[in-house]
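Within every chain, numbering begins at 1; the chains are lettered A, B, ... in the order of the sequence lines, protein sequences first and strands thereafter.
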Amino acid sequence: DSGVTQTPKHLITATGQRVTLRCSPRSGDLSVYWYQQSLDQGLQFLIQYYNGEERAKGNILERFSAQQFPDLHSELNLSSLELGDSALYFCASSDEGIYNEQFFGPGTRLTVL
Amino acid sequence: GEDVEQSLFLSVREGDSSVINCTYTDSSSTYLYWYKQEPGAGLQLLTYIFSNMDMKQDQRLTVLLNKKDKHLSLRIADTQTGDSAIYFCAHGGGYNKLIFGAGTRLAVHP
């Protein structure tokens with residue numbers, strides 16, 4: 001158990017819909033990262049938050065947004081969903097120590113029909 | 001660029017050594033990592049190596065880093081069926097984000 005929790009585990013929705021994925025980092029970790037794992041794109045960095053502020057953006061679509069709340073949990077919002085958004089979405093957290101180990105949650109599997 | 005390349009599949013016999021290779025293009029990372037993903041689970045850090053090191057040993061795991069060739073390898077000694085998983089090579093990008101390879105699926109057979 002990494003200490004990072006993600007809800008829901010599975011999500012099935014239709015094209016055009018909007019969903020919210022939730023992540024609770026390990027206790028004390030200020031950094032939260034979101035990654036997308038899909039068959040065609042592999043594991044890709046989407047966005048990072050540090051103590052409530054957006055710090056880095058990767059290959060995140062404009063239809064996607066995220067935020068980190070004062071209690072450090074984070075949400076990833078995906079809107080106008082397309083079939084190609086079907087993927088595993090991982091959240092990871094880190095205390096940004098010397099070698100920056102990132103602890104991954106179990107992921108949310110999103111299926112867009 | 002930030003590309004990380006790995007072979008996609010490796011099959012070994014139980015008890016043999018496994019060697020998973022990775023090449024990367026960005027040489028500015030301070031650390032390089034190996035993550036393991038078991039079926040239905042998230043990623044777990046297996047080991048890491050500081051970019052100034054050539055080798056790191058951790059029980060059955062040996063990491064070799066050739067900075068000149070930008071080549072990283074992970075050797076698993078005495079491979080067991082429980083080692084069957086997908087192994088990801090990664091390096092740190094800006095602001096500590098991780099850049100992953102496509103992953104190597106390791107299959108261990110009796």
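Dense packing is recorded around CD of B:Q80, with more than 12 heavy atoms of other residues, nucleotides or ligands lying under 6.0 Å away. Enclosure of atom CZ in A:R26 by more than 12 non-hydrogen atoms of other residues, nucleotides or ligands within 6.0 angstrom is indicated. Within a 6.0 Å sphere centred on CG of A:L39, heavy atoms belonging to other residues, nucleotides or ligands number 12 at most.
Considering every non-hydrogen atom in both A:F104 and B:L43, the closest pair reads CB-O, 3.3 Å.
Heavy atoms closer than 4.5 Å to chain A are found in the side chain of B:Q37, but not in its backbone. The part of B:A41 that comes within reach of chain A is its backbone (N, CA, C, O), which places non-hydrogen atoms under 4.5 angstrom from that chain. Looking at A:Q37, only its side chain comes within 4.5 Å of chain B, counting heavy atoms on both sides. If you measure heavy-atom distances from B:F50 to chain A, you find no contacts under 4.5 Å at all.
Scanning residues 8-21 of chain A against chain B with a 4.5 Å non-hydrogen threshold yields no residues.
Atom NZ of B:K97 is separated from atom NZ of A:K57 by 12.5 Å, given to the nearest 0.5 angstrom.
No side-chain heavy atom of A:F45 sits less than 4.5 Å from a side-chain heavy atom of B:L98. Contact annotation: the side chain of B:Y33 approaches that of A:N100 to within less than 4.5 Å [non-hydrogen atoms, C-beta and beyond].
Following chains of ILVMFWY side-chain contacts shorter than 4.5 Å, one cannot reach B:Y87 starting from B:F9, and the two form parts of different hydrophobic clusters. Both B:L46 and B:I99 are assigned to one and the same hydrophobic cluster, defined by single-linkage of ILVMFWY side chains at heavy-atom distances under 4.5 Å. Linking Ile, Leu, Val, Met, Phe, Trp and Tyr residues whenever their side-chain heavy atoms come within less than 4.5 Å places B:L32 and B:V63 in a single cluster. Residues B:Y48 and B:I76 fall within the same hydrophobic cluster, defined by Ile, Leu, Val, Met, Phe, Trp and Tyr side chains chained together at heavy-atom separations under 4.5 Å. Cluster membership check: A:V4 does not share its hydrophobic cluster with A:L72, using side-chain heavy-atom separations under 4.5 Å among Ile, Leu, Val, Met, Phe, Trp and Tyr.
Annotation: A:Y35 is in aromatic contact with B:F100 [ring centroid separation under 6.0 Å].
In this structure, the side chain of B:Y35 engages the main chain of A:Q102 through a donor-acceptor pair within 3.5 Å.
Within the structure, no pair that satisfies the ring pair (Phe, Tyr, Trp, His ring centres under 6.0 Å) test touches residues 62-82 of chain B, not counting sequence neighbours.
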